[in-house]
Amino acid sequence: MFGQNLKKLRTSKNLSQSKLSKILGISSSTIGMYEQGRRFPDQTILTKIADFFDVSTDYLLGRNPQNPPTEFNNATDAMEFILKLPTVMAYGGYDATKLSDEEIIYFANDLLQQIELISYKYKKK
């Protein structure tokens, strides 16, 4: 699915594999392998691709995310939400498995508010 979505985005902007590879700082053969499903980008390149085409990584990966809840009231649902966000866990410096139930709920609700603010910002454009 990733390769198909990448090719669709690339061709929609009339970009050759060579041109896109220069923009992303990788080889054109790597772009070809991505599109053929023979290779998969690391998180850094995946993020660069999403940023360049102004799409989510979920879109690139072929996921159809459902709308997140507007608030969490229990730690189990909050933890499940947090653990689905690998960039938060990897780069935020948090180990959600060591938080109390109250901290988990607070953290998840704070993330929801941030998502809502970002969504509102882009809806205004």
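The structure presented is a predicted model; accordingly, all values stated were derived computationally and were not measured.
You'll find the side chain of Asn5 stays beyond 4.5 Å of the side chain of Leu61, heavy atoms only. Counting heavy atoms from C-beta on, the side chains of Tyr34 and Phe40 never come closer than 4.5 Å. In this structure, Leu20 and Ile26 have side chains that are not in contact, with every pair of non-hydrogen atoms separated by 4.5 Å or more.
A side chain to side chain donor-acceptor pair (under 3.5 Å) with Glu35 holds for exactly one of Lys7, Arg10, Gln4; it is Arg10. Of the candidates Ile45, Thr47, Leu46, Thr47 is the only one forming a side chain to side chain contact (heavy atoms under 4.5 Å, CB included) with Gln43.
Between the CE atom in Met33 and the OG atom in Ser28 there is a gap of 9.0 Å [rounded to 0.5 Å]. To the nearest 0.5 Å, atoms CZ (Arg39) and CD1 (Ile31) are separated by 10.0 Å. Atom CG of Leu9 sits about 9.5 Å away from atom CZ of Phe52, to the nearest 0.5 Å.
Looking at Ser56, its side chain does come within 3.5 Å of a backbone N or O of Tyr59 through a donor-acceptor pair.
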- Task: Please test Ser27 against Ser29 for side chain to side chain donor-acceptor pair (under 3.5 Å), starting from the C-alpha separation and ending with a verdict.
- Result: CA-CA 5 Å; Ser27 72; Ser29 63; 3.1 Å; yes

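The minimum heavy-atom distance linking Leu24 with Lys48 is given by the pair O-NZ, 3.5 Å.
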